[in-house]
Protein chains: 2
Amino acid sequence: MGSVPHVLVLGAGFGGLYAVRGLARAPMRVTVVDRRNHHLFSPLLYQVATAALAAPDIATPIRSILARQANASVLLAEVTGIDPAARQVTTDAGVLDYDFLIVATGSTHSYFGHDAWAPFAPGLKDVEDAFEVRSRILLAFERAEAVADDAARREWLTFVVVGGGPTGVELAGAIGEIAQRTLARNFRRFDPRDTRVLLVDGSDRVLPAFPPESSRDAARLLTAKGVEIVLGARATGVDARGVELDGGRRIAARTVLWAAGVAMSPLARGLGVPLDRQGRVLVAPDLSVPGHPEVFVVGDLAAVEQKGEWLPGVAQPAIQEGRFAALNVARLARDEATMPFRYKDLGTMATIGRSAAVAIVFGHRFSGFPAWLLWLFIHITWLIGYRNRLVVLLEWAWAYVTWGRGARVILDRKAWPPTD
Amino acid sequence: MGSVPHVLVLGAGFGGLYAVRGLARAPMRVTVVDRRNHHLFSPLLYQVATAALAAPDIATPIRSILARQANASVLLAEVTGIDPAARQVTTDAGVLDYDFLIVATGSTHSYFGHDAWAPFAPGLKDVEDAFEVRSRILLAFERAEAVADDAARREWLTFVVVGGGPTGVELAGAIGEIAQRTLARNFRRFDPRDTRVLLVDGSDRVLPAFPPESSRDAARLLTAKGVEIVLGARATGVDARGVELDGGRRIAARTVLWAAGVAMSPLARGLGVPLDRQGRVLVAPDLSVPGHPEVFVVGDLAAVEQKGEWLPGVAQPAIQEGRFAALNVARLARDEATMPFRYKDLGTMATIGRSAAVAIVFGHRFSGFPAWLLWLFIHITWLIGYRNRLVVLLEWAWAYVTWGRGARVILDRKAWPPTD
């Protein structure tokens, strides 16, 4: 085993996982290191947060995905540093040597320097985040039932989602549906349909990365689900009672969710190469790092330009980059020259609750029900693991017919809200 | 609304939930208080703990179960005391008055006075417990892959379940299967089939509450799944490295699970009535409390004698007692005399992993595959919520064909094991 090259892959998100799979037939040892035991199907994480899916539906053990790939092993550990000169990576489970390195450690959410807002406005990056968001949404309705005062109840029934990208749009749409339909007849002191859901974004439209027509469609579909859209407004303060917007406007709300801002994995700095303003690694056309042809960066953490635009931090670029880095590693091992990465734009989409979505597929624009059917088809076929597909399809079918949500489990109700 | 009697039900386990449902057509207001938002189908909790099911499969929101019962409302709150003289219950969400009270606050696990063992040997009572047990089992295999030393690996691959009742038998059987089948090909440094699973009990047989023939069958089925049974042995010490048994024997094991001992809800003491040695309320034949005909106790917390034997703390007695207490409350409200409770013994069962179980149904004894089919049929039909039934059936069918377990999600790997 020691005679074949050792490829170390950091992170088992879309980028890392597809890199490992891309090396399945290469005469190499591959080790993938992740601090979690599961690969997360993150495009559906908001559905766990909004009680539509259970966590295991979208979290598959990395080991079981790679069980039959004999040249791959999995290490559950946290990477603490990279030393490209020594070709070593340090983890909390020891030091690892490598011949080739693929860095796919991604990003998390950021509060634009206001980390004090974090306890009041959870973001959505991992399973624990989803449980936290789910518990807060459900607990807010519980508190609304428990309080006697109407003004206090209004605060518990006001939800603010900060950030109008796909995650924010999906969260706001889902909360709108929970209020309008799922919780019907569940409470005795109020009608859940009186819930207010506000989606706040600093730009002049939702889904700013989509074409303006899609933004218009999304805004119309959100409004139909009872979501109020607040544009051109940035959060200047967040606390347990609401959000302060620039211009001094304040929204009194007990539940604030964060879907704005990304912070790159701090491991990028350890590479000692130029980063862009967001902290992404400015990779070479073959996805390698300047000065280190044996080191590649893929996924959210890589700044990759195609046709004059930067690729967004979503699943498709990560998957294609992961596969491509594997290809280039295999070429280097055979003493062949690497190839420049070419992104194949398959499209992009966002759902706005049940039966509604916006999508751009192969350059064609869809909205409403057709876009939602597309979304459904693509996500079901794409889910890793046949079991997950069946279970998720069944849960969605069930939810579609009943408007129910099967995963309304509040964990650890002590944690939130703070008693005040 | 104020003119009809107010029935307060404490706890939405099997006893409390069936009491509320039993009052659906009574001209009364019913309030059920629970500190959790969900009713837990606890007979399948060990399947969440052993990664076979997701938490939402067995946890249904109390509100959604009771959504269509117009005379019932749900309060998410922790009960802190009962004042039978004032007919009041105090909670962390305020004081509640009642005309009739049904106490169904159940039990939790106990460490026989050794609470210091709790961090080293988690029990299994709620969803968080199940997540904790699941994470520990899965993390033990991860650590076994990470350590270089064989002796250390053996400790990580040794699992001890303390307590040979149904929960202990079910846990041990499931861990045996995970090791023998589910994790095949998942690790590179060891064969999961080398895992040791020990089931420890102080009595002279497993399932001591079952007939001796069932105990014998269960022992045989467990042994076939690779479980070692250690009888006549009580735990005298538990720490991060293993279990000490009386007689001085020590088992070196990094994972110890607790399935022994129950501790009754401390609310029983507030009733000011005689309790048995275990802390259960010695109820009158109509399930009311001596001196307080308007107060009933049902489920695990009630000491109920039938034909010279105490009913066990499992679901069937709780369900029947809950329904019966509702009936007696309705009779009292109509100024009729209460009736004495009569238990209808439907049987009892325990599974030992896939395709194997022991069961006593209407006095007939079953074991092996027929018992398991019975178990499957009864638990599927009995699960609350049609959606749960479909999803669970699909998950079981999938697991049956593949030996896979769909819920292998480790949460918060920092918490356990302690780095040492």
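Everything quoted here is computed from the prediction, not taken from an experiment.
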Donor-acceptor contact below 3.5 Å, side chain D99(B) vs main chain H6(B): yes
query: Given that the side chain runs from C-beta out, which part of V147(B) has a heavy atom under 4.5 Å from chain A: side chain, backbone, both or neither?
result: neither
message: Looking at P192(B), is its backbone amide N or carbonyl O close enough to the side chain of T195(B) to form a donor-acceptor pair, meaning the two atoms are under 3.5 Å apart?
response: yes
query: Which residues pass the side chain to side chain donor-acceptor pair (under 3.5 Å) test with S64(A), sequence neighbours left out?
result: none
- prompt: Are any non-hydrogen side-chain atoms of P56(B) and V409(A) less than 4.5 angstrom apart?
  reply: yes
Chain A contact via L66(B) - which portion, at a heavy-atom distance below 4.5 Å: backbone
Portion of L183(A) that has a non-hydrogen atom of chain B nearer than 4.5 angstrom: neither
- line: The ring pair (Phe, Tyr, Trp, His ring centres under 6.0 Å) partners of Y98(A) (sequence neighbours excluded) come to none
message: I'd like to verify something: which residue of A93(B), A51(B), P61(B) has the highest number of heavy-atom pairs under 4.5 Å with chain A?
response: P61(B)
- prompt: Can you tell which of A72(B), A55(B), A146(B) has the highest number of heavy-atom pairs within less than 4.5 Å of chain A?
  reply: A72(B)
query: Which bit of R408(A) comes within less than 4.5 Å of chain B, counting heavy atoms only: side chain, backbone, both or neither?
result: both
